[in-house]
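Report on the following structure.
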Amino acid sequence: MAESPITPRAKDFATWYQDVVLQGDMAEPAEIVKGCMVIKPNGYAVWEVLQRELDQRFKATGHQNVYLPLLIPESFLKKEAEHVEGFAPELAVVTIAGGKKLEEPYVIRPTSETIVGHFFSKWIQSYRDLPMLINQWANVLRWELRTRMFLRTTEFLWQEGHTAHSSHEEALEEVVRMLHVYGDVAENVMAMPVIRGVKSRAEKFAGALQSYSIEAMMQNGLALQAGTSHDLGQNFGKAFDVQFQSKEGKLEYVWQTSWGVSTRLIGGLIMTHSDDKGLVLPPKVAPRKGVIVPIYRKEEERGPVMEAAEKLALSIGAHVDRRDGQTPGAKFFHWERQGVPVVIEIGPRDLAAGNVVLKRRDTGTKEVIPQDTLVAKFNETLDAMQTDLFAKARQRLADNTVTANSLEEVRAILDDVTAEKGGGKFVMAHLKDDPANDAMLKEFRATVRNIPLEDHYDGPGKCILTGEKVPQRVVIAKAY
RNA sequence: CGGGGCGUAGCGCAGCCCGGUAGCGCACCUGCCUUGGGCGCAGGGGGUCGCGUGUUCGAAUCACGCCGCCCCGACCA
């Protein structure tokens with residue numbers, strides 16, 4: 001594709017984000033389908049890495065994958081009052097199929113709790129069938145008013161775990177366990193620090209007793225909900241009659257959970273690490289960790305250089321940029337924009353000296369090293385970059401998290417923040433968990449992101465709105 | 001859905017106000033030459049000007065309608 005300049009973050013953060021996605025060849029707007037995007041090979045490869053990392057962890061915690069229908073009978077949605085109310089505005093409905101009007105319309109799944117409820121009721125009879133631990137990798141569709149690639153599109157890819165348990169305690173353990181799986185992948189794979197916490201009542205999932213989330217901070221200080229895990233209580237169990245016979249022989253409703261992360265993670269990844277030169281991918285999610293750019297001047301140099309390049313590539317599993325007619329300079333720019341962690345140059349001079357040149361994407365540092373140390377140095381550089389990216393992001397989170405002890409302070413901090421200007425903050429304040437209080441924050445377009453599990457900033461205090469004593473501070477921020 | 005911007009070659013744009021049959025840069029193709037951070041020169045291919053209707057002898061250009069994209073808000077993973 002044609003490669004244009006990237007708008008600097010400081011000038012226009014939203015445009016910068018778009019430029020990075022486009023220039024990194026991650027995705028593009030579907031254009032012919034409103035609100036949808038095409039995830040291109042580079043973007044999909046990152047998704048595959050995330051899928052693999054997550055799926056491994058799901059399996060390790062006892063879950064199995066299934067696939068459920070895309071179409072859900074409309075009546076299903078209505079069985080859980082709060083659920084239908086929450087999703088009704090964003091549903092797409094199929095009313096005609098096979099040339100005939102359907103007796104009962106289907107909705108295209110916005111999520112699968114209802115259809116899971118139906119099948120759980122078929123599959124579960126006894127406590128021996130519990131816990132039931134399933135997950136599905138799927139697409140879902142929500143008619144969004146405003147879309148941004150990866151962050152919010154009408155159709156997106158995600159994973160939704162659904163589990164049923166015999167007790168609330170066990171279900172809650174599951175909810176928290178999966179929240180920590182998400183936190184682990186976010187921090188240790190994506191190098192994206194997150195705050196694990198409980199959603200406020202106003203922000204919880206429609207139909208859940210309680211929702212948990214991991215919240216990340218983007219480079220402009222805005223929050224991104226990067227994953228959610230819900231305690232569904234017995235709400236869907238009751239709506240879909242999911243009962244089991246206990247050891248004691250009593251019929252009881254199951255306790256369910258659901259949890260999900262989506263392709264939105266890729267948006268978070270981009271807005272956490274990338275810079276004005278383009279995409280920056282932490283080594284652990286980079287589909288291509290290293291690329292070798294061969295350099296030769298004369299035709300007789302070409303053979304030996306290519307040979308050395310191929311051999312080195314094999315030793316570290318790197319890709320050789322064999323394209324002819326492209327100058328090395330053009331190739332460097334190309335791979336830089338693709339976020340490749342390490343680019344290795346090898347030319348006649350290196351060949352003569354037995355060296356290679358190693359360039360690290362995030363710091364831009366170049367190092368000349370002996371060829372026989374490449375494997376070690378390459379891996380070491382990847383590790384260092386992974387560690388440094390996380391440290392840098394964590395520092396940014398710390399630097400932009402502040403405390404406030406009154407509504408006025410919160411306002412002063414958040415009032416003038418927009419996505420364009422950047423400079424958003426996470427404000428830690430005491431606030432009672434009451435939807436009426438969340439509503440007060442709307443005035444400056446902020447929301448309660450979550451109530452952290454780890455007590456980041458002191459203990460109990462007085463609610464900045466009502467003066468009531470509350471156990472801890474909550475995270476207030478503007479969000480995507 | 002409200003406000004703003006935009007839609008002309010694969011990409012970025014000019015032309016539109018003042019109607020006369022489409023141009024520039026990059027990319028692409030051919031040849032030569034080059035290659036350690038976006039090589040150069042020469043030649044060449046490619047567009048029913050987002051869609052529709054209307055006004056006109058004639059519409060990229062004017063009018064009306066529609067569609068899509070981006071930004072800002074309300075809604076949301």
Side-chain angles (χ1 to χ4, degrees), chain A residues 1-5 7 12-19 22-23 25 28-37 86-91 110-111 139-160 182 199 203 205-206 211 213-216 223-230 258-268 277 293-299 301-302 305 321 323-337 343-352 355-357 359 364 366 368 418-421 442 445 447 478-480:
Chain A
M1 75 173 286
E3 295 176 338
S4 315
T7 306
D12 181 344
F13 195 83
T15 306
W16 165 80
Y17 173 74
Q18 267 201 90
D19 289 347
L22 258 18
Q23 294 301 321
D25 217 9
E28 65 181 54
E31 116 199 308
I32 44 161
V33 187
K34 189 178 170 69
C36 291
M37 66 171 163
F87 280 105
E90 20 184 355
L91 293 179
T111 177
N139 56 341
V140 285
L141 194 139
R142 298 175 186 180
W143 209 256
E144 299 290 353
L145 297 179
R146 179 169 170 197
T147 59
R148 304 170 197 264
M149 286 187 286
F150 291 116
L151 300 176
R152 172 165 297 102
T153 46
T154 295
E155 181 186 6
F156 58 97
L157 301 181
W158 76 346
Q159 144 287 307
E160 46 179 324
Y182 290 157
K199 278 289 182 187
E203 297 279 329
F205 177 74
S211 292
S213 73
I214 53 170
E215 302 282 334
L224 183 77
Q225 179 172 302
T228 49
S229 185
H230 312 293
S258 68
W259 28 274
V261 294
S262 71
T263 37
R264 168 181 264 196
L265 285 177
I266 297 172
K277 294 183 203 153
V293 175
I295 298 158
Y296 41 83
R297 199 180 287 270
K298 308 182 191 88
E299 191 51 35
E301 289 169 343
R302 185 188 160 122
V305 166
D321 189 341
R323 291 175 298 166
D324 219 356
Q326 288 263 41
T327 61
K331 293 179 178 180
F332 296 146
F333 277 94
H334 176 74
W335 295 113
E336 186 166 68
R337 248 182 314 246
V343 171
I344 294 148
E345 311 174 18
I346 180 155
R349 291 210 298 267
D350 305 301
L351 226 50
N355 290 333
V356 286
V357 182
K359 179 156 187 197
K366 259 186 180 180
V368 183
T418 66
E420 286 51 60
K421 291 175 188 162
K442 277 199 171 168
R445 303 204 321 278
T447 49
K478 300 197 178 184
Y480 277 104

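Order of the sequence lines fixes the chain letters, A, B, ..., with proteins taken first and strands second; residue numbering starts at 1 for each chain.
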Nucleotides 31-35 of chain B: which of its N/O atoms have a protein N/O under 3.5 Å away?
| unit_1 | atom_1 | unit_2 | atom_2 | d |
| --- | --- | --- | --- | --- |
| B:U35 | OP1 | A:Arg297 | NH1 | 2.7 |
| B:U35 | O2' | A:Tyr296 | O | 3.1 |
| B:U35 | N1 | A:Tyr296 | O | 3.4 |

List every contact pair, protein side and nucleotides 40-42 of chain B side both N or O, where the distance is under 3.5 Å.
none

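Here B:G68 sits opposite B:C6 as a Watson-Crick or G-U wobble pair (both hydrogen-bonding atom distances under 3.5 Å). As the counterpart of B:U34, no nucleotide is assigned, since no Watson-Crick or G-U wobble pattern has both distances under 3.5 Å. Base pairing of B:C1 is made with B:G73, judged by Watson-Crick or G-U wobble geometry with both donor-acceptor distances under 3.5 Å. With both pairing distances under 3.5 Å, B:A27 is matched to nothing as a Watson-Crick or G-U wobble pair. Pairing of B:G20, defined by two Watson-Crick or G-U wobble distances under 3.5 Å, is identified with B:C57.
Residues satisfying the salt bridge (charged side-chain N to carboxylate O under 4.0 Å, His left out) test with A:Lys442, not counting sequence neighbours, are none. For the salt bridge (charged side-chain N to carboxylate O under 4.0 Å, His left out) test, residues two or more places apart in sequence or in another chain that qualify with A:Glu28 are A:Lys40. Residues satisfying the ring pair (Phe, Tyr, Trp, His ring centres under 6.0 Å) criterion with A:Trp16, sequence neighbours excluded, are A:Phe13. Considering only residues two or more places apart in sequence or on other chains, A:Phe156 meets the ring pair (Phe, Tyr, Trp, His ring centres under 6.0 Å) condition with A:Trp158. Under the side chain to side chain donor-acceptor pair (under 3.5 Å) criterion, A:Tyr182 pairs with A:Gln159, not counting sequence neighbours. In this structure, A:Thr147 has no side chain to side chain donor-acceptor pair (under 3.5 Å) partners at least two apart in sequence or on a different chain. Residues passing the side chain to side chain donor-acceptor pair (under 3.5 Å) test with A:Glu155, sequence neighbours excluded: A:Asn139.
Residue A:Gly268 is classed as having no contact, given no heavy-atom separation below 4.0 Å to the nucleic acid. Using a 4.0 Å heavy-atom criterion, one finds that A:Gln225 contacts the sugar-phosphate atoms exclusively. In this structure, A:Lys34 reaches the sugar-phosphate backbone alone: every heavy-atom distance under 4.0 Å involves primed, P, OP1 or OP2 atoms, never a base. Using a 4.0 Å heavy-atom criterion, one finds that A:Glu336 contacts the bases of the nucleic acid, with or without backbone contacts as well. The residue A:Lys277 sits apart from the nucleic acid: no heavy atom pair falls under 4.0 Å. Counting non-hydrogen atoms under 4.0 angstrom, A:Leu224 reaches nothing in the nucleic acid. Nucleic acid contact for A:Thr153: base, since at least one base atom lies under 4.0 Å from a heavy atom of the residue. Counting any heavy atom pair closer than 4.0 Å across all strands shown, A:Val293 reaches no nucleic acid atom.
Checked for salt-bridge contact, A:Lys199 and A:Glu215 meet the test: a charged N lies under 4.0 Å from a carboxylate O.
Between A:Leu145 atom CG and B:C71 atom C1' the separation is 15 Å, expressed in whole Å. Rounded to whole Å, the distance from CH2 on A:Trp143 to P on B:C1 is 11 Å. Taking atom CE of A:Met37 as the reference point, atom C1' of B:G68 lies 18 Å away to the nearest angstrom. With rounding to whole Å, A:Asp25 atom CG is found 14 Å from B:A27 atom C1'. Put simply, CD on A:Gln23 is 17 Å from P on B:G38, counting in whole angstrom units. Taking atom CG of residue A:Leu151 and atom C1' of nucleotide B:C70, one finds them 14 Å apart after rounding to whole Å. Separating the CZ atom of A:Arg337 from the P atom of B:C11 is a distance of 16 Å, rounded to the nearest angstrom. Whole-Å rounding puts the A:Glu90 CD to B:A77 C1' distance at 9 Å.
Between B:C49 and B:A22, the distance separating the two C1' atoms is 8 Å to the nearest Å. With P as the reference atom, B:A27 and B:G38 are 13 Å apart, rounded to whole Å. Taking the P atoms as reference points, B:G46 lies 12 Å from B:G23, given to the whole Å. Nucleotides B:G4 and B:G65, compared at atom P, are 14 Å apart to the nearest Å. The same atom, C1', is picked in B:G12 and in B:C69; the two are 16 Å apart, to the nearest Å. As rounded to the nearest Å, B:G47 and B:U21 have C1' atoms that lie 13 Å from one another. Annotation: B:G2 and B:A77 have their P atoms spaced 24 Å apart (nearest Å). Atom P of B:A14 sits at a distance of 12 Å from the matching atom of B:A9, rounded to the whole Å.
With RNA chain B read from its 5' end, the first of the two nearest nucleotides for A:Glu144 and A:Phe332 is the one closest to A:Phe332.
An OP1 or OP2 oxygen of B:A74 is reached within less than 4.0 angstrom by no side-chain nitrogen or oxygen of A:Lys442.
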(request) Check step by step if side chain to side chain contact (heavy atoms under 4.5 Å, CB included) holds for A:Glu336 and A:Val343. (result) CA-CA 8 Å; A:Glu336 186 166 68; A:Val343 171; over 6 Å; no
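The backbone N or O of A:Leu151 sits less than 3.5 Å from a side-chain atom of A:Arg264, completing a donor-acceptor pair. Between the side chain of A:Asp19 and the main chain of A:Thr7, a donor-acceptor pair closer than 3.5 Å is present. Proximity of a side-chain donor or acceptor of A:Arg323 to a complementary backbone N or O of A:Lys331 within less than 3.5 Å is not detected.
Put simply, A:Trp158 does not rest on the base of B:A77: the two rings are not both less than 5.5 Å apart at their centres and under 30° in tilt.
Side-chain atoms of A:Pro348 lie closest to B:G36 of the nucleotides B:G38, B:C70, B:G36. The side chain of A:Pro29 approaches B:C70 more closely than any other nucleotide in the set B:G38, B:G36, B:C70.
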